[in-house]
Amino acid sequence: MEQDVESPAITIRKPKLPKQACEDLPKQLVDQVRTKRKIQRYVRKDGKCNVHHGNVQETYRYLTDIFTTLVDLKWRFNLFIFVLVYTVTWLLFGFAWWLIAYVRGDLEHIGDNQWTPCVNNLNGFVSAFLFSIETETTIGYGYRVITDQCPEGILLLLIQSVLGSIVNAFMVGCMFVKISQPKKRAETLVFSTNAVISVRDGRLCLMFRVGDLRNSHIVEASIRAKLIKSKQTKEGEFIPLNQTDMNVGYDTGDDRLFLVSPLIICHEINQNSPFWEISQAHLDREDLEIVVILEGMVEATGMTCQARSSYVTSEIKWGYRFMPVLTLEDGFYEVDYNSFHDIHETNTPSCSARELAEINCRIRLPFTWSVASKLSQQGVLEPEGREKKHTTLVTQEEGLEEQTERNGDIANIESESKV
């Protein structure tokens with residue numbers, strides 16, 4: 001029994017090792033921990049943030065913004081509070097009407113035509129509760145009515161009318177805002193299941209696809225992307241879940257979308273990209289997450305809508321492209337959403353973008369220069385050959401200086417002749 005209890009405890013603790021502790025372990029043990037560890041998302045695929053706030057001491061701050069707190073509650077709690085607030089107010093004012101009748105002695109003169117009660121036909125707590133409902137909801141059946149011989153009843157009627165209007169405005173406004181929230185509009189904004197990395201225009205690019213299922217468009221749509229990855233500074237500080245911006249067209253304006261048909265969002269992997277030195281083999285060992293955020297205004301309501309999704313390492317496919325979904329029909333374009341998430345394999349170098357740029361630079365250089373530099377790097381070139389090469393370069397520079405002096409003399413002679 002003791003072994004059965006202890007063995008699962010050890011297996012559970014291994015995946016929870018922090019990153020800085022894993023770096024001190026042997027490589028094989030780190031690989032085992034990573035394979036057993038479940039992928040923990042920062043943002044889920046449906047856009048909900050996987051973050052829970054614990055040990056919040058200043059809970060009174062939620063009450064200072066009670067309206068937003070009620071709007072953020074789930075529907076079942078919101079409806080429960082809605083019914084509870086109205087029921088409590090009706091009961092409190094019903095008890096106040098019954099108390100006035102009890103203090104004045106109206107309950108002792110029921111049926112006495114010579115007695116003028118505060119409220120006609122109020123003979124108990126139930127009738128007082130019904131009169132409270134009629135007063136606050138302004139139903140007015142006409143059977144129970146207040147008389148002019150009860151100043152305390154008139155004052156209570158004024159108070160209930162004002163407070164009832166405030167309660168109606170607060171609760172109905174809260175329900176209206178909750179109903180009109182554009183969260184459900186984000187359900188029809190879809191992201192591709194996977195992100196891909198392939199070559200576009202000679203450069204490695206990370207791409208993902210977005211689309212809108214509705215005919216009503218998102219106005220002023222814009223897209224952002226962030227890399228979520230823990231890092232350690234040069235001073236040794238460990239920053240968990242560090243957020244790094246990924247350029248998806250901010251400089252060129254490509255982040256502003258006209259989202260009528262599905263679009264492929266492209267992040268060029270250049271020197272400013274966090275993927276600059278990441279190769280295909282390196283990507284498989286990385287523990288990172290890409291969060292994409294699509295924002296815009298709903299055309300029907302004018303309210304701001306935000307849709308989110310994320311891609312972990314296993315969902316970033318190296319060497320793939322998206323299948324086309326847009327076809328030209330007779331007089332219109334048709335989008336095939338059955339192929340929205342489909343990708344196909346393409347020829348893509350497995351090296352990093354930095355290595356690919358260095359290879360392209362070598363290809364652009366002259367052959368003799370590249371061979372000489374390669375030999376010098378390998379130490380094959382002898383010292384005598386280097387001296388000869390140096391002397392030839394010096395003679396070439398002297399010849400260039402003589403040529404420039406001759407050109408200057410010719411230019412001076414021409415200018416004097418023109419004068």
Enquirer: Which atom names give the shortest non-hydrogen contact between Ser339 and Arg209, and what distance separates them?
Expert: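 The answer is O-NH1, 3.4 Å.
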Enquirer: Quick one: closest heavy-atom pair of Asp287 and Lys229, and the distance?
Expert: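 Answer, listing the atom of Asp287 first, then Lys229: O-CG, 3.9 Å.
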Enquirer: Determine whether Glu295 and Ile293 make a side-chain contact, defined as any pair of heavy atoms from C-beta on separated by less than 4.5 Å.
Expert: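 The answer is yes, as the side chains (C-beta and beyond) meet within the 4.5 Å cut-off.
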Enquirer: Check whether any side-chain heavy atom of Val190 sits under 4.5 Å from a side-chain heavy atom of Asp212, and report yes or no.
Expert: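 A side-chain contact is absent here, since even the closest heavy-atom pair is not under 4.5 Å.
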Enquirer: Can you tell if the side chain of Thr244 reaches within under 4.5 Å of the side chain of Lys231, non-hydrogen atoms only?
Expert: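 With C-beta onward as the side chain, the pair stays apart.
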Enquirer: Ring centroid separation for Phe340 and Tyr337, is it under 6.0 angstrom?
Expert: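 Ring-ring flag for Phe340/Tyr337: true, centres closer than 6.0 Å.
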Enquirer: Among Trp90, Phe129, Tyr141, exactly one meets side chain to side chain contact (heavy atoms under 4.5 Å, CB included) together with Glu134. Which residue is that?
Expert: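 Testing Glu134 for a side chain to side chain contact (heavy atoms under 4.5 Å, CB included) against Trp90, Phe129, Tyr141 leaves exactly one candidate, Tyr141.
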Enquirer: Within a radius of less than 6.0 Å around CG of Asp251, do more than 12 heavy atoms belonging to other residues, nucleotides or ligands occur?
Expert: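 Yes, because the 6.0 Å sphere around CG of Asp251 holds more than 12 heavy atoms from other groups.
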Enquirer: Okay, side chain of Ser222, backbone of Asp255: is any donor-acceptor separation there less than 3.5 Å?
Expert: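 Checked: no pair found.
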Enquirer: Taking all atoms of both residues into account, what is the closest heavy-atom pair of Gly296 and Ile218, and its distance?
Expert: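 Closest approach of Gly296 to Ile218, heavy atoms only: CA-CG2, 3.5 Å.
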Enquirer: Phe170 and Phe67: aromatic ring centres closer than 6.0 Å?
Expert: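 Yes, close enough.
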Enquirer: Does Thr64 reach the main-chain N or O of Arg61 with its side chain, forming a donor-acceptor pair under 3.5 Å?
Expert: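 Yes.
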Enquirer: With a 4.5 Å limit on heavy-atom distance, are the side chains of Phe125 and Leu99 in contact?
Expert: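 Side-chain contact under 4.5 Å: no.
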Enquirer: Should Cys174 and Val71 count as side-chain neighbours, where that means a heavy-atom distance under 4.5 Å?
Expert: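 The answer is yes; the side chains approach within 4.5 Å.
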Enquirer: I would like to know whether Arg200 and Cys266 meet side-chain contact (heavy atoms from CB on, under 4.5 Å); could you show each step before the answer?
Expert: CA-CA 9 Å; Arg200 175 178 281 190; Cys266 178; 3.8 Å; yes
Enquirer: For a quick test of reading the model, state the closest non-hydrogen atom pair linking Gln160 to Thr135 and the distance between them.
Expert: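 Distance-wise, the nearest heavy atoms are OE1-CG2, 3.7 Å.
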Enquirer: Please confirm whether the backbone N or O of Met297 pairs with a side-chain atom of Thr304, one donor and one acceptor, at under 3.5 Å?
Expert: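 Such a contact is absent between Thr304 side chain and Met297 backbone.
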Enquirer: When you look at Asn168 and Tyr86, which way does the side chain to side chain donor-acceptor pair (under 3.5 Å) test go after all the steps?
Expert: CA-CA 9 Å; Asn168 289 333; Tyr86 278 107; 2.6 Å; yes
Enquirer: So Ser279 and Glu355, side chain to side chain donor-acceptor pair (under 3.5 Å) or not? Walk me through it.
Expert: CA-CA 9 Å; Ser279 62; Glu355 295 172 350; 5.8 Å; no
Enquirer: Measure the shortest side-chain to side-chain distance between Thr346 and Val199 over non-hydrogen atoms and say whether it is less than 4.5 angstrom.
Expert: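 They are not in contact (no side-chain heavy atoms under 4.5 Å apart), so the answer is no.
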Enquirer: Side chains of Val292 and Phe191: closer than 4.5 Å at any heavy-atom pair?
Expert: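 With C-beta onward as the side chain, the pair touches.
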Enquirer: Taking the side chain as C-beta and beyond, is there a heavy-atom pair between Thr327 and Tyr333 under 4.5 Å?
Expert: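 No; the side chains remain at least 4.5 Å from each other.
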Enquirer: Under 4.0 Å between a side-chain nitrogen and a carboxylate oxygen: does that hold for Lys45 and Glu315?
Expert: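 So Lys45 pairs with Glu315 through a salt bridge.
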Enquirer: For the pair Phe322 and His341, evaluate side-chain contact (heavy atoms from CB on, under 4.5 Å) and give the outcome as yes or no after the intermediate values.
Expert: CA-CA 7 Å; Phe322 287 104; His341 303 282; over 6 Å; no
Enquirer: Distance from Leu204 atom CG to Cys351 atom SG, nearest 0.5 Å?
Expert: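 It is 6.5 Å, given to the nearest 0.5 Å.
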Enquirer: With respect to the side-chain SG atoms, do Cys150 and Cys118 come within less than 2.5 Å?
Expert: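 Judged by the SG atoms alone, which are under 2.5 Å apart, Cys118 and Cys150 are bridged.
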Enquirer: Identify all side-chain donor-acceptor contacts of residues 46-55 below 3.5 Å with residues at least two apart in sequence or on another chain.
Expert:
from, atom 1, to, atom 2, distance (Å)
Asp46, OD1, Lys48, N, 3.3
Asn50, ND2, Arg41, O, 3.1

Enquirer: Closest approach of Ser273 and Glu268, non-hydrogen atoms and distance?
Expert: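 Result for this residue pair: CB-O, 4.0 Å.
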Enquirer: Before giving the answer on side-chain contact (heavy atoms from CB on, under 4.5 Å), spell out for Asn120 and Phe131 the whole-Å C-alpha distance, their side-chain angles and the decisive distance to 0.1 Å.
Expert: CA-CA 10 Å; Asn120 290 329; Phe131 181 71; over 6 Å; no
Enquirer: In this structure, are over 12 heavy atoms from other groups packed under 6.0 Å from Arg203 atom CZ?
Expert: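 No.
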Enquirer: What do you reckon, is CD of Glu220 surrounded by more than 12 foreign heavy atoms closer than 6.0 Å?
Expert: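 Result for CD/Glu220: open.
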